[in-house]
Amino acid sequence: MTGQHKGILFGLIATAFWASFYPLGRVLFGFNAEAVDPLNFTFLRFAFATLFFLPLLFQPTNRRAVQKLLRQHWGQVLLLSAIGIVGEGLLVFWSLKYTTSARASLLANASPIFTVLISYFCGRELLNGRRISGMILGFLGILLAFQGGGGDVFSADTGMLAGDLMALLSGVGWAYYTVFGTEITACCGGMLGTGVLFACGTLLMLPVLILSGSGPSFDLPWRVWLGAFYLGALSNGLANGLWYMALKYVTPGELGSCGYISALLTF
């Protein structure tokens, strides 16, 4: 298996986990919206993701790599955690309170378009006819899918547009996370780098919770705890780690194209 094939495989496995994120998040909101506060639930997801990476973070052989990452790339770590972990993770989950899992997945997974554009304007990749054609086809596919309107058994009459916008903005955040994650993976690898970003993202969520006036809440139904564990440890932690591992073998633009598979699987 070539390096490029390995990178695409990691990306496809990650997108398969993400595909389950949308319907499960929608179901959690649909059954008990009051118990699933987006801020608190996102904090719990990030905490479970961090716990998933703790054995890796505390391995003696990895401490030096983590210290080097924080010393040399602390600004990038902070930005990626704020935009690609907190911003993206909060927006995409919050969008499921208002819009359907299919619509949220389609809009969030418009990220390949933004990935190519950001990568080009930042001088990281060149545009060619194949990539331009791919962006156009991807955009037309999203428009075509939206012609069906959309609703589900949990849909409300209002707020769907707000949810759509949140999902789209999360895709922009994910594009940034993908393009500028190459320095992180080059420094300490995909899995270890992702663990550092989730630990930082969890810490960043604490002041967000405090400023919101709610603070962390742990008195939740067991179903919500199970959802937070699965979405945090697997659909976030493992999947994000595989995504960053893939950046070792493929460019951000090539990897970003795997996002369309997640939208297809969600349907």
Side-chain angles (χ1 to χ4, degrees), residues 10-54 56 81 83-109 111 152 154 163 166-167 169-171 173-174 177-178 191 194-195 197-206 208-209 214 216-244 258-259 261-263 265-267:
F10 288 157
L12 290 176
I13 295 173
T15 55
F17 278 113
W18 290 328
S20 64
F21 176 94
Y22 300 95
L24 180 54
R26 186 65 175 158
V27 167
L28 287 171
F29 273 123
F31 281 130
N32 198 342
E34 292 184 1
V36 189
D37 173 69
L39 289 173
N40 187 62
F41 190 84
T42 299
F43 168 73
L44 293 178
R45 282 195 294 121
F46 293 168
F48 275 122
T50 303
L51 288 174
F52 174 82
F53 287 109
L54 275 186
L56 192 64
S81 299
I83 296 173
I85 300 293
V86 175
E88 188 275 339
L90 181 58
L91 283 171
V92 73
F93 184 74
W94 210 330
S95 73
L96 293 169
K97 186 173 182 177
Y98 303 104
T99 192
T100 67
S101 59
R103 291 170 69 96
S105 179
L106 277 171
L107 288 165
N109 286 292
S111 59
D152 59 22
F154 303 121
M166 289 180 188
L169 289 175
S170 78
W174 186 254
Y177 182 83
T178 300
M191 281 291 178
T194 302
L197 292 176
F198 266 112
C200 184
T202 304
L203 292 175
L204 288 175
M205 278 299 299
L206 284 173
V208 173
L209 278 170
S214 58
S217 175
F218 304 105
D219 185 18
L220 302 171
W222 64 268
R223 184 179 291 163
V224 175
W225 277 109
L226 285 179
F229 172 77
Y230 173 81
L231 294 179
L234 299 180
S235 192
N236 283 146
L238 178 60
N240 285 32
L242 289 170
W243 190 259
Y244 262 16
C258 294
I261 304 299
S262 180
L265 291 174
T266 302
F267 274 90

Hey, what do you get for [atom1] ([X]) to [atom2] ([Y]), rounding to the nearest 0.5 Å?
{"X": "Ser20", "Y": "Leu234", "atom1": "OG", "atom2": "CG", "result": "8.0 Å"}
{"X": "Ser101", "Y": "Phe29", "atom1": "OG", "atom2": "CZ", "result": "12.5 Å"}
{"X": "Asn240", "Y": "Glu88", "atom1": "CG", "atom2": "CD", "result": "7.5 Å"}
{"X": "Leu44", "Y": "Asp37", "atom1": "CG", "atom2": "CG", "result": "9.5 Å"}

Thr178 and Trp243 side chains, donor-acceptor separation under 3.5 Å: yes
field: side chain to side chain contact (heavy atoms under 4.5 Å, CB included) evaluation trace for Thr42 with Val86
entry: CA-CA 8 Å; Thr42 299; Val86 175; over 6 Å; no
Judged by atom type as modelled, is there a donor-acceptor pair below 3.5 Å linking the side chain of [X] to the main-chain atoms of [Y]?
{"X": "Asn236", "Y": "Ala49", "value": "no"}
{"X": "Trp18", "Y": "Ser235", "value": "yes"}
{"X": "Ser81", "Y": "Cys200", "value": "no"}
{"X": "Arg26", "Y": "Thr99", "value": "yes"}

Is there a side-chain contact between [X] and [Y] (heavy atoms, below 4.5 Å)?
{"X": "Ile85", "Y": "Tyr177", "answer": "yes"}
{"X": "Leu28", "Y": "Phe41", "answer": "yes"}
{"X": "Val208", "Y": "Phe43", "answer": "no"}
{"X": "Leu56", "Y": "Met191", "answer": "yes"}

- prompt: Phe218 vs Trp225 aromatic rings, parallel, tilted or perpendicular, using cut-offs 30° and 60°?
  reply: parallel
message: To check you understand the geometry: which heavy-atom pair defines the closest contact between Ala239 and Phe17, and what is its length?
response: CB-CB, 3.9 Å
- prompt: Knowing that exactly one of Phe52, Trp222, Phe48 qualifies, which makes a ring-ring contact (aromatic ring centres under 6.0 Å, His included) with Phe229?
  reply: Phe48
task: Just do the side chain to side chain contact (heavy atoms under 4.5 Å, CB included) check on Met166 and Phe93 with the steps written out, would you?
output: CA-CA 9 Å; Met166 289 180 188; Phe93 184 74; over 6 Å; no
- prompt: So among Leu197, Leu203, Thr202, which one has a side chain to side chain contact (heavy atoms under 4.5 Å, CB included) with Thr50?
  reply: Thr202
field: Residues Arg45, Phe21; criterion side chain to side chain contact (heavy atoms under 4.5 Å, CB included); working and verdict
entry: CA-CA 11 Å; Arg45 282 195 294 121; Phe21 176 94; 3.6 Å; yes
